[in-house]
There are 2 protein chains.
Amino acid sequence: MFSKACEYGIRAAIYIGQQSASGRRVGLKDIAAEIDSPEAFTAKILQQLVREQLVTSVKGPTGGFELTPEQLRTVTLRQLVVAIDGGAMLQGCALGLPQCSAKQPCPMHYQFLPIRDQLNELLRAHTIGELASKVQEGLGFLKQFS
Amino acid sequence: MFSKACEYGIRAAIYIGQQSASGRRVGLKDIAAEIDSPEAFTAKILQQLVREQLVTSVKGPTGGFELTPEQLRTVTLRQLVVAIDGGAMLQGCALGLPQCSAKQPCPMHYQFLPIRDQLNELLRAHTIGELASKVQEGLGFLKQFS
DNA sequence: TACATACCGGACAAATTTGTCCTTTAATTT
DNA sequence: AAATTAAAGGACAAATTTGTCCGGTATGTA
C-alpha cells in the first residue's frame with residue numbers, strides 16, 4: 001500500500017504525537033526503538049517531515065522531535081503520505097495509464113474510483129493527534145509485543 | 001497501488017483476452033505495442049502468468065499467447081495480482097506492522113479494514129473475459145490515444 | 001529434414017528504494 | 001568559552017524493482 005518510508009514516517013509521527021500530548025519531546029533513538037524502525041533511515045524521513053513543517057525538531061541537548069498543539073490538531077495522515085510518497089498513489093490509474101480519465105478510462109476506472117475516493121477521505125479524516133490518543137489509550141499499537 | 005509489473009500484466013492479460021474472444025492468438029510484439037509496455041519485461045511477466053496457468057502460450061510459427069474460454073470466464077483480476085505482486089498488499093497492515101490484527105491492531109486497523117475488503121471484493125468480482133469485453137465495446141482502453 | 005518463428009530462461013544492467021555512516025550545525029550545560 | 005548533545009545533510013552501500021540481451025527449445029512450414 002504505502003512505501004516503507006511512509007510506514008515508518010506515519011508510525012514515527014504518531015509516536016511523537018503521543019509523547020508530545022504528554023509534554024515529552026523525544027529523540028531519534030527513542031523513536032526508532034519504539035516503532036521498531038531503522039534509526040538512520042527514520043532520521044531521513046523525519047527530516048523530510050520537518051522541512052514540510054508537519055513535525056517540529058529542536059537541536060542540542062534536551063532537543064528532539066515534537067508536535068505542536070496545532071500540528072497535533074491539524075496534520076492529517078494524508079499530509080504525511082503526500083509528503084513522503086507523493087500524490088501518485090492517491091490519484092493515479094490502477095492500471096498505470098498516464099492519462100486515464102472519464103475521457104479514455106481504463107477498464108477498471110469506474111470500479112476503482114469509489115475505493116480511491118474512500119481512501120482519500122479516510123486519510124483526510126484522521127489527524128495525528130487523534131491517532132496518538134488512540135495509542136495512548138491502548139486502543140492501537142505502533143509495534144508488536146509478544 | 002500495484003507494481004509496474006502488475007500493471008503491465010493486467011493490461012496484457014486483458015488485451016490477450018480481447019483478441020482471444022475474437023479467435024485471435026497474439027504475439028509478444030503485438031501485445032507490447034498495444035498496451036504500451038516494454039517488450040522484454042512484458043515477456044517475463046507473461047512467463048509468470050503462463051506458469052500459473054492464468055494465460056496460455058504456444059511456441060513456434062503462428063504461436064503466441066491466448067486465453068482459453070475457461071480462462072476468459074474464470075481468471076479474475078485478483079489471481080493476476082496475487083500471481084505477480086503476491087498477497088501482501090491485499091492483506092498486510094497499512095502501517096507495516098508484521099502481526100497487525102484485532103489482538104494488537106495498528107491505530108488505523110479498523111479504518112482500513114473495510115477499504116481493503118472492498119478492494120479484495122472488487123478484484124475477485126471481475127474476470128479477464130469481462131474486462132476484455134469492455135475494451136472490445138470501446139468502453140475501456142488499455143493505452144491512450146491522442 | 002531444414003528452416004523460420006516465437007516463447008522460455010538465465011544472465012546482466014539500470015533505476016529506485018531502502019538503509020548506513022560520518023561530518024557539520026545548532027543549542028544546552030558546565 | 002568549552003564540552004556535550006542531538007538533529008541536518010551529504011556521500012555511500014545494499015536490496016529490490018524494472019528493464020535488456022541472447023542462446024536454447026519447441027513448433028509449424030516448405
Quick one: [X] [atom1] to [N] [atom2], roughly how many Å, whole number?
| X | N | atom1 | atom2 | result |
| --- | --- | --- | --- | --- |
| A:Glu52 | D:dA8 | CD | C1' | 16 Å |
| A:Gln47 | D:dA11 | CD | P | 14 Å |
| A:Leu28 | D:dA8 | CG | P | 9 Å |

Checklist entry - Salt-bridged, A:Arg73 to A:Glu70, with N to O below 4.0 Å? => result no
Checklist entry - Is any side-chain N of the basic residue among B:Glu7 and B:Lys4 closer than 4.0 Å to the acidic one's carboxylate O? => result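 Salt bridge: yes.
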Checklist entry - Is it true that a side-chain atom of B:Ser20 and a backbone atom of B:Gly23 form a donor plus acceptor pair closer than 3.5 Å? => result no
Checklist entry - Within the side chain of B:Gln79, is there an N or O that forms a donor-acceptor pair under 3.5 Å with the backbone of B:Thr76? => result yes
Checklist entry - Taking DNA chain D as the partner, which of residues 4-11 of chain B come within under 4.0 angstrom of it by heavy atom? => result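 B:Lys4, B:Ala5, B:Tyr8 - these, ordered by number, are the residues of the stretch whose heavy atoms sit under 4.0 Å from the strand.
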Item to check | Stretch residues 58-69 of chain B: residues that reach within less than 4.0 Å of DNA chain D through a heavy atom | outcome: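 Those residues are B:Lys59, B:Gly60, B:Pro61, B:Thr62.
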Mind checking the [atom1]-[atom2] spacing from [X] to [Y]? Nearest 0.5 Å is all I need.
| X | Y | atom1 | atom2 | answer |
| --- | --- | --- | --- | --- |
| B:Leu97 | A:Arg11 | CG | CZ | 5.0 Å |
| A:Leu95 | B:Met1 | CG | CE | 9.5 Å |
| B:His126 | B:Glu121 | NE2 | CD | 9.5 Å |
| B:Ile14 | B:Leu131 | CD1 | CG | 4.5 Å |
| B:Tyr15 | B:Ile35 | OH | CD1 | 9.5 Å |
| A:Arg116 | A:Gln111 | CZ | CD | 12.5 Å |

What I want to check is whether the side chains of [X] and [Y] have a donor and an acceptor closer together than 3.5 Å.
| X | Y | result |
| --- | --- | --- |
| A:Thr42 | A:Ser37 | yes |
| B:Gln18 | B:Gln136 | yes |
| B:Gln118 | A:Gln118 | yes |

Checklist entry - Looking at five pairs on each end of the helix from C:dT1-D:dA30 to C:dT30-D:dA1, what is the angle between the two axes, given to 10 degrees? => result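 The end-segment axes of the helix from C:dT1-D:dA30 to C:dT30-D:dA1 are tilted 0° relative to each other.
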Checklist entry - What residues in residues 37-46 of chain A put a non-hydrogen atom under 4.0 Å from any atom of DNA chain C? => result A:Pro38, A:Ala40, A:Phe41, A:Lys44
Next on the checklist: Can you pull out every salt bridge (Lys or Arg N to Asp or Glu O under 4.0 Å) where at least one residue sits in residues 18-42 of chain B? Sequence neighbours excluded, please.
Outcome noted: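 Non-adjacent pairs meeting salt bridge (Lys or Arg N to Asp or Glu O under 4.0 Å): B:Arg25-B:Glu66.
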Item to check | Outermost DNA chain C nucleotides near chain B [under 4.0 Å, heavy atoms] | outcome: C:dA4 to C:dA11
Checklist entry - After noting the C-alpha distance and the side-chain angles of A:Leu54 and A:Ile128, does the key distance pass the side-chain contact (heavy atoms from CB on, under 4.5 Å) rule? => result CA-CA 10 Å; A:Leu54 304 177; A:Ile128 305 305; over 6 Å; no
Next on the checklist: If you assign each of B:Arg51 and A:Asp85 to its closest nucleotide in DNA chain C, which residue comes earlier from the 5' end?
Outcome noted: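 Result: B:Arg51.
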